[in-house]
Asks: 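Below are the structure tokens for one structure; questions will follow.
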Amino acid sequence: MRKRIKRWISGLLAAAFLAAGFPVATQAASFEVDFSTYCEALLLINQDTGITVYEKNADKRLEPASMTKVMTYLVVCDQVEDLENTYTTISQNVITELLGTGSSVSGVIAGEELSIYELLNLMMVPSGNDAALALAEYVGDGDIQKFVDLMNEKAQELGCQDTHFMNPHGLHDEQHYTTARDMAIITQAAMKEPYFMEITNQVYYTLRATNKSSQPRTVYTTNRMINQNADGGQYYYRYCRGIKTGSHDEAGYCVVTTAVREDLGYSYLCVAMHCPEYTESGEYNVHGEMIDSKNLYQWAFNNLSLKTILESGSVVGEVGLEYAWEKDTVQVLASQSFSTILPDSVDASSIVVKTELPETIEAPVKKGTVLGTATLSYAGEELTTVDLVAAETVERSELLYTMDQAKAVLTSQWFLITAAVIGTLFLIYLFLLILYRRKKKKLRRVKGMRRM
């Protein structure tokens, strides 16, 4: 139910933005925060607009630990049509492979018959590596590597540039890595899958009695940001929704979460990676990945808001106009509105608008014709480009056009050369004509003298 409500709210917001003509931003300025951070890599995205509002080493390759299971969830959903009514039997290999790793498990039992839906819960809530292996075995027909290949294929399909998986659970491997930016892409894809937000937002999950266990078993989330009772509630954030934690010695502490403020109409996704388990002085490090995430959410909700930078139909400039009667220019308008997330302290006028327009155009001009573009940028980073269109239809004056064409002909180089040649020939002709007449007159005079 929560997932349906969240999707309805997000859909309503998106519809509102689209109706207003707001394009989805793919890039925006990453703003500065006024607090220090623990994590090596961070990324905060406004989900309603797609705008990245904060990033730190977002493209650095790091191990994701159990955040890997977000991709495992995605691949399972791609390959299994009916999650609730598809069953598998836990193999002994699932149990044996994890012996001695000290990794998190959900307590599945060899020979236990569980649905794929139940295994997804056991994988995502308590971060069960055993559940992840069981899912990979089922989808890969007993071949874990076949499942891992599907994970890497899915990463490529989603457009992840710096991601490579070696297993379905996230245990350490030097060739197992992703980035905060790619992790955000993977998570946003998973959020569209059935049950994902419902499962990952659970504080606990109770598995029914099974063929191998006569009593129900309850497992608890590893995500302290949604569990008010964990660690005295120091990491709890009331607006947090899901999604997945991850940790081991090489990866440090990691978490990817979302936060929704329905009262403000905004939602964010945050990826926090590689918070060291110990400080440089050797002291145990608090869960800085959750502190960073919570601080970023609070900062975003308290300091950022959506601001309209350009209204559809607003006058952006004008272009010189030729061949129009008693009209020398035509105004150009923004073809669509554009809004972006900005700090409340920043005025919309801080956005730099650079237009690309011709100096002049020729009539006729039809209203709505694209005449140029306006590029909007903030703090040196390009936000978007908007087409600029003619504000009105302007007909061509045939008289002005004909006069200009005649002038163009009369002042053209070829016309002047031709006229000069004709003029020169005409002068030569006159000169020869005068010579001829003088000669003829002289002959007449000579003939007259002979007759005398």
Side-chain angles (χ1 to χ4, degrees), residues 6-7 9-34 37 41-59 158-161 179-189 191-192 239-241 243 256-272 292-312 334 336-354 374-386:
K6 180 181 182 299
R7 281 186 173 177
I9 292 169
S10 297
L12 187 61
L13 285 167
F17 292 146
L18 291 172
F22 301 155
V24 175
T26 56
Q27 181 179 1
S30 178
F31 307 115
E32 297 296 325
V33 295
D34 56 0
T37 57
L42 290 163
L43 186 70
L44 184 66
I45 300 173
N46 178 280
Q47 293 199 95
D48 308 302
T49 61
I51 296 173
T52 296
V53 297
Y54 179 80
E55 62 179 85
K56 172 186 175 183
N57 298 325
D59 297 305
L158 293 173
C160 297
Q161 300 295 313
T179 66
R181 198 178 310 279
D182 282 358
M183 195 67 231
I185 293 171
I186 294 167
T187 303
Q188 287 172 326
M191 290 172 67
K192 301 174 185 176
Y239 301 110
C240 185
R241 304 290 183 268
I243 292 175
V256 54
T257 55
T258 66
V260 181
R261 284 287 301 269
E262 296 173 4
D263 55 327
L264 298 178
Y266 297 128
S267 62
Y268 285 89
L269 181 145
C270 183
V271 182
D292 284 352
S293 300
K294 184 175 180 179
N295 285 342
L296 283 171
Y297 285 139
Q298 291 177 328
W299 164 78
F301 287 131
N302 293 334
N303 296 281
L304 305 180
S305 58
L306 188 71
K307 298 184 180 183
T308 298
I309 308 303
L310 202 60
E311 292 277 8
S312 177
Q336 62 184 125
S337 297
F338 176 76
S339 292
T340 191
I341 297 292
L342 287 175
D344 293 334
S345 59
V346 174
D347 191 83
S349 61
S350 299
I351 301 296
V352 176
V353 181
K354 181 181 179 181
T375 300
L376 283 66
S377 59
Y378 175 75
E381 294 189 39
E382 184 176 318
L383 301 177
T384 193
T385 298
V386 175

Asks: Which heavy atom of S267 sits nearest a heavy atom of V260, and at what distance?
Replies: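 The answer is CB-CG2, 4.0 Å.
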Asks: Any side-chain heavy atom of I243 within less than 4.5 Å of one from M191?
Replies: yes
Asks: Find the distance between CD1 (I51) and CG (L304) and round it off to the nearest 0.5 Å.
Replies: 10.0 Å
Asks: Could you pull out every donor-acceptor pair under 3.5 Å between side chains of residues 343-352 and any protein atom, sequence neighbours left out?
Replies:
from : atom 1 : to   : atom 2 : distance (Å)
D344 : OD1    : S305 : OG     : 2.7
D347 : OD2    : S349 : N      : 2.8
D347 : OD2    : S349 : OG     : 2.6
S350 : OG     : D347 : O      : 3.2

Asks: Applying side-chain contact (heavy atoms from CB on, under 4.5 Å) to I186 and C160, what does each step give before you reach the verdict?
Replies: CA-CA 8 Å; I186 294 167; C160 297; 3.8 Å; yes
Asks: Nearest 0.5 angstrom please: L383 CG to I309 CD1, how far?
Replies: 7.5 Å
Asks: State whether a side-chain donor-acceptor pair under 3.5 Å links Y378 with T340.
Replies: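 No pair is found: no donor N or O on one side chain lies under 3.5 Å from an acceptor on the other.
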Asks: Quick one: side-chain hydrogen bond (donor to acceptor under 3.5 Å, both in side chains) partners of K307, sequence neighbours excluded?
Replies: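 Applying side-chain hydrogen bond (donor to acceptor under 3.5 Å, both in side chains) to K307 gives none.
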Asks: For the CD1 atom of I341 and the OH atom of Y266, what is their distance to the nearest 0.5 Å?
Replies: 5.0 Å
Asks: Heavy atoms only: give me the nearest L43-I45 pair and the separation to one decimal.
Replies: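 In terms of heavy atoms, the two residues are closest at CD2-CD1, 3.8 Å.
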Asks: Run V53 and Y268 through side-chain contact (heavy atoms from CB on, under 4.5 Å) and show every step you take.
Replies: CA-CA 10 Å; V53 297; Y268 285 89; 3.9 Å; yes
Asks: Does the T385 side chain pair with the main chain of T375, one donor and one acceptor, at a distance under 3.5 Å?
Replies: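 No, the answer is negative, given that no donor and acceptor are paired below the 3.5 Å cut-off.
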Asks: What distance separates F31 CZ from L44 CG, expressed to the nearest 0.5 Å?
Replies: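 Taking CZ in F31 and CG in L44, the distance rounds to 11.0 Å.
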Asks: Any non-hydrogen side-chain atom of Y297 less than 4.5 Å from a side-chain atom of T257?
Replies: yes
Asks: How far does CD of Q161 sit from CD1 of I185, to the nearest 0.5 angstrom?
Replies: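 These two atoms lie 7.5 Å from each other.
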Asks: Before giving the answer on side-chain contact (heavy atoms from CB on, under 4.5 Å), spell out for Y54 and T37 the whole-Å C-alpha distance, their side-chain angles and the decisive distance to 0.1 Å.
Replies: CA-CA 12 Å; Y54 179 80; T37 57; 4.2 Å; yes
Asks: Restricting to non-hydrogen atoms, name the atom on S337 and the atom on S312 that form the minimum distance, rounded to 0.1 Å.
Replies: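 Scanning both residues, the minimum pair turns out to be OG-N, 2.8 Å.
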Asks: Hey, could you give me the CZ/CG distance between F301 and N46, rounded to the nearest 0.5 Å?
Replies: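 Rounded to the nearest 0.5 Å, the CZ-CG separation comes out at 8.5 Å.
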